[in-house]
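This one's a predicted model, so the numbers in the text were calculated from it and none came from an experiment. The first residue of the sequence shown is numbered 1, and numbering continues consecutively from there.
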Amino acid sequence: MFKLSPKKQRDLTEILREVVNYAELEAIAVITKEGLHLAFFAAGKVDSDLLSAISAAILSTGEMAVDKMGFEKLSEVIVRGKSGYIILTDAGKFVLIGAGREATSLGLSVRVLRAYAKRVTDLLSK
């Protein structure tokens, strides 16, 4: 089981707060690739365990597809529904997840999550 020190937990929380300041997201999380959430925030009722587990399964499928197609390393997986989207962004051994409703903010959310995934990777690999 992966355990964060109190300082890393505070630093990770601060990173997620910054992401929300730049992107219109209703939920944001950092999970392990196995589906264990390390940090999670949501504006409404979202089951963090379910979102983490489903995201890990989607990520695994995405990694397999990218590998089989010869597209090298997976950057992100975007899942869009009629009224929202979820972005799973690679953060080294971890995944940065953002979910929102406004499709007009999807491109901005992708760019913000890509930028902050690097910070998450750096923080959690120390």
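- Contact annotation: the side chain of Phe40 never approaches that of Ile97 to less than 4.5 Å [non-hydrogen atoms, C-beta and beyond].
- Judged purely by atom type and a 3.5 angstrom limit, Ser60 has no side-chain atom pairing as donor or acceptor with the backbone of Ala56.
- No side-chain heavy atom of Lys8 sits less than 4.5 Å from a side-chain heavy atom of Leu38.
- The nearest pair of heavy atoms linking Glu24 to Tyr85 is O-OH, 3.8 Å.
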Give the intermediate values and the outcome of side chain to side chain contact (heavy atoms under 4.5 Å, CB included) for residues Leu113 and Glu76.
CA-CA 9 Å; Leu113 289 171; Glu76 67 248 336; over 6 Å; no
Val110 and Thr89: side chain to side chain contact (heavy atoms under 4.5 Å, CB included), yes or no, with the steps?
CA-CA 8 Å; Val110 168; Thr89 305; over 6 Å; no
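- Asp67 CG to Glu72 CD: the interatomic distance, rounded to the nearest 0.5 Å, is 10.5 Å.
- Using a 4.0 Å cut-off between charged side-chain N and carboxylate O, Lys7 and Asp11 make a salt bridge.
- Side-chain contact between Ile31 and Leu59 is absent, with no heavy atoms from C-beta onward closer than 4.5 Å.
- Results of the salt bridge (charged side-chain N to carboxylate O under 4.0 Å, His left out) test with Glu63 over Lys73, Lys33, Lys68 single out Lys33 as the only residue that passes.
- Closest approach of Ala99 to Ile86, counting heavy atoms only: CB-CG1, 4.1 Å.
- Using a 4.5 Å cut-off on side-chain heavy atoms (C-beta onward), Lys93 and Thr32 make no contact.
- Each of Ile54, Leu96, Val95 was evaluated against Leu88; a single residue qualifies, Val95, per the side chain to side chain contact (heavy atoms under 4.5 Å, CB included) test.
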